[in-house]
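A short write-up of the structure that comes next.
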Amino acid sequence: MSSINTKSSQKKENKKGMYFFPLLAVSLSLIYTLFSLFIFPGYYTEREDQKFYMPPLFHVTEPTAYSRDFLMKNTQADASFFDEIVGLSFFGDPNNIYRGIFWVSVLSQFLFFLGITCIAYALSRHWIFALVAPTFFLIGHEGFICNALPSQSWIFSYGTELHARSLAISLLTFALGLFLLGRALLSWILVSIGILIHIVSALPIAFFMGIYTLFRDVIQDKKYFSLTYFFIPLFALTILLISMNGNSGNEMGFFTIVDPEWIAFMKERVPWIFFTNHFGSPNIVLIIYIPLFLFALASYWSTAFSPKQKYSIVLFCSSGIALMLMGFIGFDVFHIALFGQFQLYRIAIWLKIILLISFLFVCFNEYVKPRSTLYEKLLFGTSAIIALYGGTAFFLPLSIVLLIGVILLLKRKVFMEHKWLFLPVLMVTLLILFGIELWSTEFATQMANGKDFITHIISDPLLSLGYIFLWVEKILPAILILGMLLLITKYFSQTQNIQKAFTGFIPLVIILSVGALLSNKYPTFVHSPLSNMSTSDRWISENIKDDDLIFSTSAVAGEAFHIRDHLGKSLFVSQREGAQGTFNREYAMEWIKRINIQENPQAHWKELISDYKIDFVLASPKESFSQIPEVYRNESFVIYSVKK
């Protein structure tokens, strides 16, 4: 009878645990989202690339807007359903557009942190580690462009502005976590949605999932039904291509060879699409050190990872390296437009997530093992701190290999039998370390400023401690992390108590989250561009029509963006929108022509009037267009009218 009761209680505990972890993961993901939006780094609108998606979003509410804007001639929104999807959040009401963007940002960041939790649990099968892992992806927010340029920062984190790329990346991170947890159908559906939102970000994940499904499910396990999953993203891709071809002037030219003139434009405007430019010094070593990282990690896999988890890590990294090499050969060598446009190196975003989580779990596993010494725990803790520091003098793969390598040497796991290898390996490691330091532009800058190189290296762990535990002046994130560390400590002493503590924590998290999200404390949450207009905004709205074309000088770029994004007026050209020329040669050549005109408008005045038929000129108060009358002036800009 007692054995029956024991089995019954175990079943109840298992059932309770089955719901406990997902609820806790969702609750903590809400907390991470709140910190990310309201505490560090904060919520922003119209930042970076979001500016280029505002006109398509307004276009959802007002189809006649931006009828003469050059941005809309070949907008990135034509290659995405981002504007249609986000448009559903504000129900076609322009007064609610920023409120809708805010709520989509909340959902997007929530999915990102939940995805990190899923990936961490899939690789570690340790729920405490999985719940804590997202804290390390909060600290990388200072690299605002890291989602566009993944080699710029070791730690990827969600961007602070909502646009097609950031929304797709958060959705795909969640999809990757579900895939690694065995939720294949749902993850394929999410990847297909990611294709519709931002195909460039979705392709690397679809590639990995396809390779994994073929090798693991079809070839190894003979599950031929898994082949049907491939029809889901193919269907989404077909819909997207039909939509793109239906947009006039949006011929992408995927398989064309990029000619020298087009290449010159790309090297000037979007040099990062070239693999050799993107992964230049010192980041090219990323490719070399990923295999070395895996080799160093292998000595701990017998206790840290299961065979399936090892398989996932190796296959993901191998797929990533293959994609990078494909991009290099296809675009840098043969100049096939497809490989430059899809920028396959963006797999580095998820490579950094996978590698960082794997490395942190190795450190975590070594730290909590009773048999490891205090000295070994300190070594792993130090290596984690240095690897997490987001400077340019060290970068993640090198730090991992170097520090784990040193640990391996100290523990004499590798060189016990082959002691003669110790000195050459140590010398090569040090040469690589100092070689990259000397190679990096950061080192040259430090030396030029008279900074001490040794002091810089010693300061890295101290700065890391500030980032991880204190967030410099952010006390609430520090309390969160320290509280989690206390809970972890409690977990290893008494498992039952921590489960009860977390169970009581869940409703509190939900209440605080809902209260914070419904609060009107944050101006960008309730801001509407069409209400509470300034005097200048009101004048522009009343005197400049939607089908008028404004020529703006580069000196008033900020005001021009405001007039375009807030007031729905068409601009002749702006510097920032040239990246779209990557996908369309005709657009690229016309952008270059317009930028040259913008730099010297007086020399091209007849062309502006006769060919482009501009209606207004927006200039700074220091600039003069005496050939046309001035119709409005304030401290920031002057408006001239070409109309008679």
Side-chain angles (χ1 to χ4, degrees), residues 18 21-22 114-127 129-130 133 169 171-195 201-237 287 290-291 293-327 344-359 361-362 365:
M18 184 173 66
F21 175 75
L114 187 59
I116 294 295
T117 304
C118 291
I119 293 172
Y121 185 71
L123 296 180
S124 68
R125 295 294 171 175
H126 197 293
W127 67 273
F129 173 75
I169 284 173
L171 187 68
L172 294 165
T173 301
F174 184 48
L176 178 60
L178 291 176
F179 184 80
L180 294 174
L181 287 172
R183 304 295 188 269
L185 178 60
L186 180 56
S187 59
W188 277 109
I189 292 173
L190 292 177
V191 167
S192 300
I193 297 173
I195 288 174
S201 297
L203 281 182
I205 295 298
F207 180 84
F208 162 71
M209 285 170 52
I211 293 294
Y212 190 97
T213 300
L214 285 175
F215 277 82
R216 182 84 181 183
D217 295 349
V218 179
I219 297 174
Q220 182 174 329
D221 297 337
K222 310 298 182 185
K223 296 178 180 177
Y224 298 107
F225 179 78
S226 298
L227 290 172
T228 59
Y229 291 139
F230 288 85
F231 290 102
I232 304 174
L234 284 176
F235 178 70
L237 188 59
I287 306 300
I290 288 175
F293 162 74
L294 295 175
F295 174 77
L297 200 63
S299 64
Y300 295 95
W301 280 2
S302 58
T303 56
F305 296 102
S306 70
K308 186 176 182 179
Q309 291 156 355
K310 298 176 196 175
Y311 187 89
S312 299
I313 296 171
V314 170
L315 193 57
F316 192 88
C317 292
S318 301
S319 301
I321 294 172
L323 279 177
M324 291 179 182
L325 292 177
M326 284 171 59
L344 299 178
Y345 57 75
R346 292 195 185 214
I347 190 67
I349 291 170
W350 291 281
L351 272 175
K352 290 194 291 184
I353 289 175
I354 294 290
L355 290 175
L356 181 59
I357 289 175
S358 302
F359 170 63
F361 183 62
V362 169
N365 190 60

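Residues: numbered from 1 along the sequence shown. Just the heavy atoms: all of them, side chains too, but no hydrogens, waters or symmetry mates, feed the values below.
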Just do the side-chain contact (heavy atoms from CB on, under 4.5 Å) check on Leu123 and Ser358 with the steps written out, would you?
CA-CA 7 Å; Leu123 296 180; Ser358 302; 3.9 Å; yes
Locate the shortest heavy-atom distance separating [X] from [Y]; write the atom from each residue and the value.
| X | Y | value |
| --- | --- | --- |
| Ile357 | Phe129 | O-CZ, 3.6 Å |
| Leu351 | Phe316 | N-CE2, 3.7 Å |
| Ala236 | Ser192 | CB-O, 3.5 Å |
| Ile119 | Thr173 | CD1-O, 3.8 Å |

Check step by step if side-chain contact (heavy atoms from CB on, under 4.5 Å) holds for Val191 and Ile232.
CA-CA 9 Å; Val191 167; Ile232 304 174; over 6 Å; no
Go through the structure and list residues passing side-chain contact (heavy atoms from CB on, under 4.5 Å) with Thr117, not counting sequence neighbours.
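side-chain contact (heavy atoms from CB on, under 4.5 Å) list for Thr117, sorted by chain: Phe21, Ala25, Ser29, Ala130, Leu131, Pro134.
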Show me, pair by pair, the donor-acceptor contacts under 3.5 angstrom made by side chains of residues 202-223, not counting sequence neighbours?
unit_1	atom_1	unit_2	atom_2	d
Thr213	OG1	Met209	O	2.7
Lys222	NZ	Ile219	O	3.3

Roughly how far, to the nearest 0.5 Å, is the [atom2] atom of [Y] from the [atom1] atom of [X]?
| X | Y | atom1 | atom2 | value |
| --- | --- | --- | --- | --- |
| Leu176 | Ile354 | CG | CD1 | 5.0 Å |
| Ile169 | Ile349 | CD1 | CD1 | 3.5 Å |
| Thr228 | Phe231 | OG1 | CZ | 7.5 Å |
| Ser318 | Leu323 | OG | CG | 11.0 Å |

Result block: side-chain N/O donor-acceptor pairs under 3.5 angstrom for residues 179-190, not counting sequence neighbours:
unit_1	atom_1	unit_2	atom_2	d
Arg183	NH1	Leu181	O	3.4
Ser187	OG	Arg183	O	3.0
Ser187	OG	Ala184	O	2.7

Determine whether Phe305 and Ile313 make a side-chain contact, defined as any pair of heavy atoms from C-beta on separated by less than 4.5 Å.
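Yes, close enough: below the 4.5 Å cut-off.
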